[in-house]
Amino acid sequence: MSCNKSRQENQPKEPAKADATVKQNAEPQANKEYSCEYLLKELVFSGNLEALKKFRETAIRIENISGNKITIEVYAKEMSDRTGELRAVENTVAWLEFIPETRKLYDITADPESPVELNYDKTLFTRHSLTELCGMKTVGSLQRKTEISCKEITGEMASGQECILSSTTFEKAYKDLIDQRAVNDSKYLPKELPAKNTSVEISKSGLMNIDFTITADQVSIEMLYAGGTTDITFEKYGDKLKRTVMYNAD
């Protein structure tokens, strides 16, 4: 027995099996292999979507990726026994649109024509490129993508945004303004830029009318409300265009 005990003590010890588990669990977040859907999931879950507060277990799926937006379905996973047998079911709880060009996230569940802008963690884009992960650079409509550089501007009783646009025209810049919902109540703007000075009567949602002033070097649009105006200007800026959107209160 003494000999057996001595041999057991001299045998090399097996390495602890828990080591591998610890290393796996300690893997830094930055080393994860991101996908388009995973990044969009983080983007949505970091936001203030009300549906996320109402359901215990939610997930997302990408419904569609087009040239200028990504449509996202948010659904809840629940257990149901409607058929007499308990099983997992999925119920859609929200529809979202993400506009990569402006990095804006909208809730379109109630009315796609009147989207609600959501907040989310924009620092995600300092670590990952959504357009690359989602393969949007290969989409045909993005092959001549308009580059855009924007800054916020403020004034007395006014606020807005000024953007420098390259590789574009007045017509395309106007269409992008509508498609990207870069201005409030963009749904009331005519789908095509008028060719001459025009006034359009609206009389909806507090918006009375929209006036267009067109020249060779500038397009000015005034959206007149009962309590102020939204002024949109496209003007030639060297070989580029400058787009200014100002919200002015009376």
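Since this is a predicted model, take the numbers as computed values, not measurements.
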For residues [X] and [Y], determine if any side-chain heavy atom of one lies less than 4.5 Å from a side-chain heavy atom of the other.
{"X": "L40", "Y": "I70", "value": "yes"}
{"X": "L133", "Y": "L130", "value": "no"}
{"X": "T244", "Y": "I153", "value": "yes"}
{"X": "W95", "Y": "T71", "value": "yes"}
{"X": "I221", "Y": "V183", "value": "no"}
{"X": "T233", "Y": "V245", "value": "no"}
{"X": "F45", "Y": "L52", "value": "yes"}
{"X": "F170", "Y": "L241", "value": "yes"}

Which pair of non-hydrogen atoms, one from [X] and one from [Y], has the smallest distance, and what is that distance?
{"X": "T109", "Y": "A94", "result": "OG1-CA, 3.3 Å"}
{"X": "T123", "Y": "D121", "result": "OG1-OD1, 2.5 Å"}
{"X": "E152", "Y": "G160", "result": "OE1-O, 3.2 Å"}
{"X": "A182", "Y": "Y247", "result": "O-OH, 4.1 Å"}
{"X": "L165", "Y": "K240", "result": "O-CB, 3.1 Å"}
{"X": "C36", "Y": "I62", "result": "SG-CD1, 3.5 Å"}

With no hydrogens and no angle check, do the side chains of [X] and [Y] hold a donor and an acceptor under 3.5 Å apart?
{"X": "Y225", "Y": "S205", "value": "no"}
{"X": "E222", "Y": "S220", "value": "no"}
{"X": "T215", "Y": "D217", "value": "no"}
{"X": "D211", "Y": "S199", "value": "yes"}
{"X": "T92", "Y": "E73", "value": "yes"}

Which distance, rounded to the nearest 0.5 Å, do you find between the [atom1] of [X] and the [atom2] of [Y]?
{"X": "D185", "Y": "S114", "atom1": "CG", "atom2": "OG", "value": "8.0 Å"}
{"X": "E37", "Y": "I60", "atom1": "CD", "atom2": "CD1", "value": "5.0 Å"}
{"X": "F98", "Y": "L39", "atom1": "CZ", "atom2": "CG", "value": "8.0 Å"}
{"X": "I65", "Y": "K69", "atom1": "CD1", "atom2": "NZ", "value": "13.0 Å"}
{"X": "Q180", "Y": "K104", "atom1": "CD", "atom2": "NZ", "value": "9.5 Å"}
{"X": "I232", "Y": "L189", "atom1": "CD1", "atom2": "CG", "value": "5.5 Å"}

* Ion pair present between E192 and K175, side-chain N to carboxylate O less than 4.0 angstrom? -> no
* Please determine if E90 and R61 form a salt bridge, counting it only when a charged side-chain N lies under 4.0 Å from a carboxylate O. => yes
* To do: Just do the side chain to side chain contact (heavy atoms under 4.5 Å, CB included) check on N209 and V200 with the steps written out, would you?
  => CA-CA 5 Å; N209 58 275; V200 182; over 6 Å; no
Backbone N/O of [Y] and side chain of [X]: donor-acceptor pair under 3.5 Å:
{"X": "Y106", "Y": "R181", "answer": "yes"}
{"X": "N248", "Y": "A158", "answer": "no"}
{"X": "S186", "Y": "N184", "answer": "no"}

* Asked: Which is it for V219 and Y174 under the side chain to side chain contact (heavy atoms under 4.5 Å, CB included) test, yes or no, and what are the steps along the way?
  -> CA-CA 9 Å; V219 173; Y174 175 78; 5.8 Å; no
* Evaluation steps, side chain to side chain contact (heavy atoms under 4.5 Å, CB included), between I108 and L96 -> CA-CA 6 Å; I108 60 171; L96 309 178; 5.8 Å; no
* Asked: Is it the case that more than 12 heavy atoms not belonging to E201 sit under 6.0 Å from its CD atom?
  -> no
* Do K122's NZ or CZ and the ring of Y120 fall within the cation-pi criteria of under 6.0 Å and 45°? ->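 Here K122 passes the 6.0 Å and 45° test against Y120.
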* Asked: Step by step, would you call L43 with F125 a side chain to side chain contact (heavy atoms under 4.5 Å, CB included)?
  -> CA-CA 9 Å; L43 186 151; F125 295 110; 3.6 Å; yes
* **Joint cluster assignment, Y75 & L49, ILVMFWY side-chain distance < 4.5 Å** => no
